[in-house]
Amino acid sequence: MCGILGNFGYFDRSDFSEQEKYISDRMLRRGPDQQNLFEADYFISKHSRLIVQGSGDDGIQPMRFENLILLFNGNLYNKDDLKQELISKGYKFIGISDTEVIIKSLHCWKNLAFKKFNGFFSIAYFDSSISKLILARDRFGQKPMYFSKKNSSVFFGSTEEFIPKKYRGNIRNESIIDFITYGFVPSPNTMFKNLFSLHPGSYLEFSLNEGNIQQSKVKQYWKPEITNEITDIVEAENLISEALDKSIKEGMNASIDVACLFSGGVDSSLILSKSREINNEVCGITANFGNEDDAAERSISLAKALQHKNHLIKNISEEDVNSSLGSTSAICDTPFDDTSLIPSNIVFSTVRESGYSVALTGDGADELFCGYSSFGNLKKLEPYLNSKLDHIIRSPFKYPARLFSSFFGLDFSRFFMNEDDLLKDLLCNGFKMREWQGLIDTDYNPLHYLNNILSVRDSLSPLDKLRILNLEFKLPYQMLYKVDRASMFNSVEARPIFLNNTIVDASLKISSSTMLCNGQKSVLKNIYQSQICHAGWSLPKTGFGWKTNSYDKIFNTQDNEFLKNQIGIDGLSLLDRRKKHHKRAYYGLFSLVSWLRVNT
């Protein structure tokens, strides 16, 4: 993994030098092994590198090839295939790094190369022959890219803090509402008015024209599309099993040893089991919180069944949690409410302390293979979502449902929602609009992000729509944001195996009914059951959150007064309206207060 910082256009060299110093620690965490600076007319860039492919003499960045200068953060799974294709076209190679494959792919195919790349990446490349800068991100936005443009200059970098404060602008008030609703701020917006996040699966061009920077429209080169070609569970299992074998082999390809995050759940167990076929001594790393957490018990049981000896268990103490909690603002440059950030940081710290810089993870499996309880719940409600039933079910019982909810302390509201309202409600992991309306004075509607996704998917079934919403919205902005920040804070490259293009493309062929034919994540559970002699496939899903009962201590009345004074929001009143998941709500408010204390 790497850190990227750059500027294109007419700029003050001292601004860049000051920013270099300001982010030096952050840049070093993202790339501790090598740092280099490159300057050309109207272009300056710095790159910090975590060496995973190649050596210190191979893959040095910023890399130059003829008229192109490349800064690359990520990993390319299909570098060998692309390399052979480029060799057949007359290109020559001097090393084994994927960086060299990428720059020569861009030279050969230009921006069409992005569709060819199988991996995770953020890319900035400058074409000196036409004075043009291109920024790009992988399909799901596993690797970040931020930018901020003024009239004559554009800054770009790996995280929000990489962009100088004078470029970011003032706080965007609508982003506070976005965060309250979702627990994160969706692309292209950030917490600042003039700071933007490049959308996943897209690229953006900047050119210099008569002293001003011209910005093109964002061009989307990939979006997930469900085809429903496969409706037979056995065919689905065979397809995914074959794709998983190929992806594990590509994921294990590195110039250094690779570890596996191993919770004992279905996803991580499949990854460890299949990784052992390539390296029988691969290290499985488990985080154990004790108390109600059963990860240690699950993982030990499977390790014994596999006769796997290289199994490391990190027993997480209260001190570990408090230390991780205190690092929240340093890990994330923006408010973020997912409590699994805390154990994720501890686990990646353990990976690094154990001598590893690359770890395979199971992120993306729940979104691709319908692993969340929301999929199972929606399947039960789907027969009642027909609009013809609105006048029978929804209209007459809408207001009685609110009374029942208030009286019994239970939430009946979802049963009486129409299809679109229900889908959007399922994706709001923060405070629902129905929870904060009346407490926050605003005309802004944060649901426009979800409306934009659903507006072009009207013909899909409710379950298909939920899959798309998870893949286009929850996965990039919540799950992958967390993985990138927690892993990079500890100088570790995380490789989410299930997001290899081969698995993604295969999973999108499988119908939702097949995915859920025997419950959530049926395809992966069936593969586990048929290939691993262990009963772990039948165990209930457990979350990877912060196991504590003291979460209410991190947001108190003093914090609430600060929040009201700064942005006019009463957090304690919001908590009173919250019917469940208080832990996440408290942590979200804590994160927001922590960010505001630094930025106001």
Side-chain angles (χ1 to χ4, degrees), residues 77 118 139-140 224-252 260-278 282 284 298-299 301-302 305-306 308 360-376 378-380 382 460-461 463-464 466-468 470-471 475 495-542:
Y77 294 129
N118 178 9
R139 287 179 168 193
F140 290 109
E225 298 293 345
I226 298 170
T227 64
N228 290 313
E229 297 171 43
I230 297 174
T231 57
D232 179 75
I233 185 65
V234 176
E235 184 182 356
E237 291 168 29
N238 291 337
L239 179 67
I240 298 303
S241 181
E242 183 179 337
L244 186 55
D245 288 339
K246 183 176 185 293
S247 300
I248 290 287
K249 183 177 179 181
E250 292 172 343
M252 292 287 286
C260 293
L261 300 192
F262 178 39
S263 67
V266 171
D267 317 326
S268 65
S269 297
L270 282 170
I271 291 173
L272 179 70
S273 175
K274 289 181 176 291
S275 296
R276 293 182 75 253
E277 297 173 10
I278 299 168
V282 63
R298 288 187 182 207
S299 58
S301 177
L302 178 58
L306 296 173
H308 187 69
L360 307 187
T361 80
D363 297 284
D366 285 316
E367 291 82 4
L368 285 170
F369 295 96
C370 303
Y372 294 123
S373 59
S374 57
F375 288 105
L378 181 60
K379 185 181 180 182
K380 295 174 185 176
E382 197 169 31
L460 296 182
S461 71
L463 279 170
D464 285 350
L466 184 60
R467 288 171 67 186
I468 292 295
N470 272 274
L471 291 171
L475 178 61
R495 294 185 175 180
I497 287 301
F498 288 98
L499 297 182
N500 184 301
N501 290 3
T502 305
I503 295 179
V504 171
D505 293 344
S507 70
L508 292 174
K509 295 178 181 179
I510 303 171
S511 70
S512 298
S513 58
T514 304
M515 287 286 193
L516 291 158
C517 64
N518 297 314
Q520 293 151 222
K521 212 180 286 186
S522 293
V523 174
L524 293 185
K525 287 182 178 180
N526 286 6
I527 294 172
Y528 185 124
Q529 188 177 9
S530 64
Q531 297 185 8
I532 302 176
C533 188
H534 187 258
W537 65 271
S538 62
L539 296 173
K541 178 179 174 59
T542 58

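Predicted model, so just to flag it, every value in this text is computed and none were measured. Excluded from the calculations below are hydrogen atoms, water molecules and symmetry mates; all remaining heavy atoms, backbone and side chain alike, are included. Quick note: residue numbers are just sequence positions, from 1.
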Could you tell me whether the side chains of [X] and [Y] share a donor-acceptor contact shorter than 3.5 Å?
X      : Y      : value
Ser247 : Thr502 : no
Glu237 : Ser530 : no
Lys379 : Gln520 : no

Look at the side chain of [X] and the backbone N and O of [Y], then say whether any donor-acceptor pair between them is shorter than 3.5 Å.
X      : Y      : answer
Ser522 : Gly519 : yes
Thr514 : Thr231 : yes
Asp363 : Pro496 : no

List the atom of [X], the atom of [Y], and the distance in Å for their closest heavy-atom pair.
X      : Y      : answer
Cys260 : Ser275 : SG-OG, 3.6 Å
Arg298 : Gly265 : NH1-CA, 4.3 Å
Gly364 : Leu475 : CA-CD1, 3.9 Å
Ser507 : Ile240 : N-CD1, 3.9 Å
Ala365 : Phe498 : CB-CD1, 3.7 Å
Asn500 : Tyr77  : ND2-CD1, 3.4 Å

Inset, instruction - Given side-chain contact (heavy atoms from CB on, under 4.5 Å), test Glu225 with Leu508 step by step and report yes or no. - result: CA-CA 7 Å; Glu225 298 293 345; Leu508 292 174; 5.8 Å; no
Residue pair [X] / [Y], side-chain heavy-atom distance below 4.5 Å:
X      : Y      : result
Arg467 : Ser461 : no
Val504 : Pro224 : no
Asn470 : Leu466 : yes
Glu235 : Ile510 : no
Val282 : Leu360 : no
Asn518 : Lys525 : no
Ile233 : Val523 : yes
Ile271 : Leu261 : no

Distance, nearest 0.5 Å, that separates [atom1] of [X] from [atom2] of [Y]:
X      : Y      : atom1 : atom2 : value
Leu460 : Ile468 : CG    : CD1   : 6.5 Å
Ile226 : Leu471 : CD1   : CG    : 7.0 Å
Lys380 : Phe375 : NZ    : CZ    : 14.5 Å
Met252 : Lys274 : CE    : NZ    : 13.5 Å
Asp366 : Tyr372 : CG    : OH    : 4.5 Å
Leu378 : Ser373 : CG    : OG    : 11.0 Å

Inset, instruction - Could you give me the CA-CA distance, side-chain angles and deciding distance for Ile503 and Phe369, then say whether side-chain contact (heavy atoms from CB on, under 4.5 Å) is met? - result: CA-CA 10 Å; Ile503 295 179; Phe369 295 96; 4.0 Å; yes
Inset, instruction - Using the side-chain contact (heavy atoms from CB on, under 4.5 Å) rule, take Asn526 and Val234 through it: C-alpha gap first, then chi angles, then the decisive distance, then the call. - result: CA-CA 9 Å; Asn526 286 6; Val234 176; over 6 Å; no
Legend entry - Exceeds 12 heavy-atom contacts within 6.0 angstrom, atom CD of Glu242: no
Inset, instruction - Flag the pair Glu250 and Lys246 as a salt bridge only when some basic side-chain nitrogen lies within less than 4.0 angstrom of an acidic carboxylate oxygen. - result: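 Yes, charged N to carboxylate O under 4.0 Å.
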Inset, instruction - List for me each residue that meets side chain to side chain donor-acceptor pair (under 3.5 Å) alongside Ser273, sequence neighbours excluded, and say none if there are none. - result: none
